[in-house]
Amino acid sequence: MAINYLASISRYVPELLSVVIMVGLVLIESCYDNSERKKGFFYAATFIGLLFVFINLCVSLTEAPSAIFTNSMVIDPFSTLVKIIMVLGTMAAIYLSKESKDIYGSLKSEFAIMTIGVMIGGMILASANNLLMVYIGIETLSILSYALASFKKNEERSSEAGLKYSLYGGISSGVMLFGMSHIFGMLGSIQFPEIMAGLYELSTFETAVLIPSFIMFFAGIGYKIACVPFHMWAPDVYEGSPLPVTAFFSIVPKVAGMAVLLRVTMVFFGQEGALQVSWVGILSVVAALTMTVGNVSAIGQRSVKRMLAFSSISHAGMMMMGVVVVSEIGTRSILFYSITYLFMTLVAFFITSFVADKYGNDHFERFSGLIKRYPMMTIMMSIVMFSLAGMPPLSGFVAKFNILSALLSEKYYILALIAVLNSVVSLYYYMKIIRLMVFREVESMEPIVGFGALNQSIIMTMTVPVVMIGIFWSGIMHLTEGASIFLGK
Amino acid sequence: MITLSSYLAISFLLFVCGIAVMIARKNIIAILLGVELILNSCAINFVAYTRFVNNNLDGHIMSLFIIIIAAAEAAVGLAIVIRFFQIRESIHIDDATQLLQ
């Protein structure tokens with residue numbers, strides 16, 4: 001038994017390392033006084049630590065999948081790749097918080113600590129192999145997110161965002177647990193492999209009872225990825241939270257929720273049958289609605305942050321289309337989409353954040369005439385906007401193309417049509433910002449402090465993958481090749 | 001004779017009560033209490049299923065974790081409510097309207 005646990009721990013280094021970093025940062029924060037030296041030391045520890053986690057994950061990407069801790073977690077290439085995406089997103093969000101004025105100076109270290117905590121929750125979620133781990137992962141993710149949303153503690157909007165997030169989160173996790181309890185009662189286990197084995201020995205009546213339980217279970221996951229019946233919280237929370245928090249929310253919890261949705265779908269509904277038909281039916285309606293609602297609501301927004309929030313809802317809908325396919329090609333296209341989505345969203349949020357810091361708000365008009373002052377940044381923003389809209393030859397196009405080809409290979413023609421139409425709609429609001437940046441007269445020539453040489457080069461470095469993945473996409477596609485989901489045992 | 005179905009009926013009643021509280025009450029503290037009712041109904045379900053149907057420990061462990069996590073969630077929720085009260089001087093949910101468009 002002891003040897004077993006040692007073997008498990010040896011596969012569990014990235015998570016443990018993240019926990020050590022989190023605790024270490026708490027110690028650094030509490031031991032040092034509030035000086036510049038402490039700040040440098042703090043961020044050095046954060047980034048070096050996360051870099052180690054990243055390297056460790058990259059090394060273990062090629063290892064064979066295995067179930068650890070008495071089958072409660074799975075370490076497979078799929079979960080490792082998802083964790084890599086989350087670590088990169090967390091590092092970028094912490095860097096953005098360091099530069100942003102939207103977060104109080106005295107709370108910047110807390111931001112780093114809490115985002116690492118959310119990341120650990122996401123890591124648990126990505127490799128969860130029983131219902132308990134799914135619940136713990138979702139709650140670790142959510143409870144820290146509530147605090148993050150109300151981070152500007154003296155501002156009413158931010159507190160209200162946290163309030164709404166925690167109330168909606170509480171009810172959805174309760175509903176999810178209620179569904180889980182009946183799944184457990186019907187099938188007699190919380191382990192995914194045992195549930196999967198039991199699922200196909202049920203009578204028709206028991207299957208019919210299980211479907212509402214699964215819908216309740218889906219409510220909890222759907223809330224995390226903000227898909228349509230459960231998306232009401234998303235615009236308000238994204239609007240009220242500080243900008244680095246919004247950037248973080250639109251990447252890490254979303255990718256983690258997508259990973260667990262994918263795993264649950266592959267485990268419970270991987271085999272043909274009445275259950276799979278009903279689940280796929282629900283998912284495809286939800287995915288189509290999520291895309292459409294996200295896109296249509298994004299059109300009328302004045303604030304760029306809110307527009308990006310709605311566009312992240314519609315991208316979640318696009319990724320869910322890959323779940324509908326229930327096959328390995330769908331999994332691979334979702335992973336590819338997540339990687340490209342990470343870089344595109346980060347660049348968009350970085351640029352918006354620096355512009356918003358200068359003017360105090362992030363309305364579209366603040367971007368007018370940016371090309372006269374910061375041509376490089378305008379080009380980067382345009383590249384990212386074209387990519388988000390799915391224009392060739394950028395990576396957003398390849399990502400959407402992969403999802404569409406997965407849909408067409410399984411003959412979901414109507415869903416594919418809805419996806420294409422939505423891309424066209426999204427082009428409108430992405431182009432609006434480019435039009436303002438290029439053709440509108442400049443408001444003032446005052447420099448934007450955020451666009452220093454270092455920040456500009458970081459933004460450019462993050463734009464490089466957006467272009468390169470679009471052209472040399474076979475490399476990333478090859479990376480996702482082995483990343484099928486390991487079903488335990 | 002207490003059977004599985006009586007436990008399930010009670011937990012379902014608690015669940016419905018929790019949802020009703022969350023919808024009907026306007027006091028934020030009461031809404032948080034509604035969340036607790038829902039979580040407790042789930043814990044009852046897990047324990048009842050373990051006692052009557054499945055003879056493994058899964059359900060007990062699950063319900064212990066539910067209790068722990070519910071406490072953490074309530075703590076964070078209350079902290080946010082306190083912040084909201086200090087700014088807004090009210091714990092009425094209808095006063096949280098700054099973000100409505």
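None of these values were measured; they are calculated from a predicted model.
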Give, as side chain, backbone, both or neither, the part of [X] having an atom under 4.5 angstrom from any heavy atom of chain B.
X	value
A:M133	neither
A:A149	neither
A:N154	both
A:T140	neither

Please find the pair of heavy atoms, one from [X] and one from [Y], that lie closest to each other, and give the distance.
X	Y	result
A:Y146	B:E73	OH-OE2, 3.4 Å
A:I136	B:I69	CG1-CD1, 4.0 Å
B:V53	A:G185	CG1-O, 4.2 Å
B:I80	A:L163	CG2-N, 3.6 Å
A:S181	B:C42	CB-O, 4.2 Å

> So which of A:V237, A:L187, A:V175 has the biggest tally of heavy-atom pairs under 4.5 Å with chain B?
Replying inline: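 Answer, by heavy-atom pair count under 4.5 Å with chain B: A:V175.
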>> Let's test your reading of the structure: which of A:M186, A:E156, A:Q191 forms the most heavy-atom pairs below 4.5 Å with chain B?
In response: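 Sorted descending by pairs with chain B, the first entry is A:E156.
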>> Could you go through B:N45 and A:F184, starting from their C-alpha distance and side-chain angles, then the distance that decides it, and tell me whether this counts as side-chain contact (heavy atoms from CB on, under 4.5 Å)?
In response: CA-CA 9 Å; B:N45 256 348; A:F184 166 71; over 6 Å; no
Interchain contact, [X] with chain A, by part (heavy-atom threshold 4.5 Å):
X	result
B:I68	neither
B:S11	both
B:F52	neither
B:F15	side chain
B:M22	side chain

>> Within the supplied structure, the quantity of interest is the number of heavy atoms (other residues, nucleotides, ligands) at a distance under 6.0 Å from A:F69 CZ; does it exceed 12?
In response: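 For A:F69, atom CZ is crowded (more than 12 foreign heavy atoms under 6.0 Å).
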>> Within a 6.0 Å radius of atom NZ on A:K153, are there more than 12 heavy atoms belonging to other residues, nucleotides or ligands?
In response: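 Incorrect, the count does not exceed 12.
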>> Students often mix this up, so state it plainly: with edges at 30° and 60°, are the rings of A:H182 and B:Y49 parallel, tilted or perpendicular?
In response: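 Correct class here is perpendicular.
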I want to check something: taking the side chain as every heavy atom from C-beta on, are [X] and [Y] in contact at a cut-off of under 4.5 Å?
X	Y	value
A:F178	B:I38	no
B:V76	A:L144	no
A:E160	B:I87	no
B:D58	A:N130	no
B:I66	A:Y135	yes

> Does A:G188 offer a backbone N or O that forms a donor-acceptor pair with the side chain of B:N56 under 3.5 Å?
Replying inline: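 Present.
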>> Closer than 3.5 angstrom, by distance alone: can the side chain of B:R83 be matched with the main-chain N or O of A:S159 as a donor-acceptor pair?
In response: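 No.
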>> Within this structure, what is the CG-CG distance for the pair A:L132 and B:L64, rounded to the nearest 0.5 Å?
In response: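 Here the interatomic distance stands at 10.0 Å.
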> Could you give the distance from CG (A:L131) to CZ (B:F65), rounded to the nearest 0.5 Å?
Replying inline: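 If we round to the nearest 0.5 Å, A:L131:CG and B:F65:CZ are 13.5 Å apart.
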> Pick from B:I28, B:V81, B:L32: which one has the most heavy-atom pairs with chain A under 4.5 Å?
Replying inline: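 Going by pairs under 4.5 Å, I would pick B:I28.
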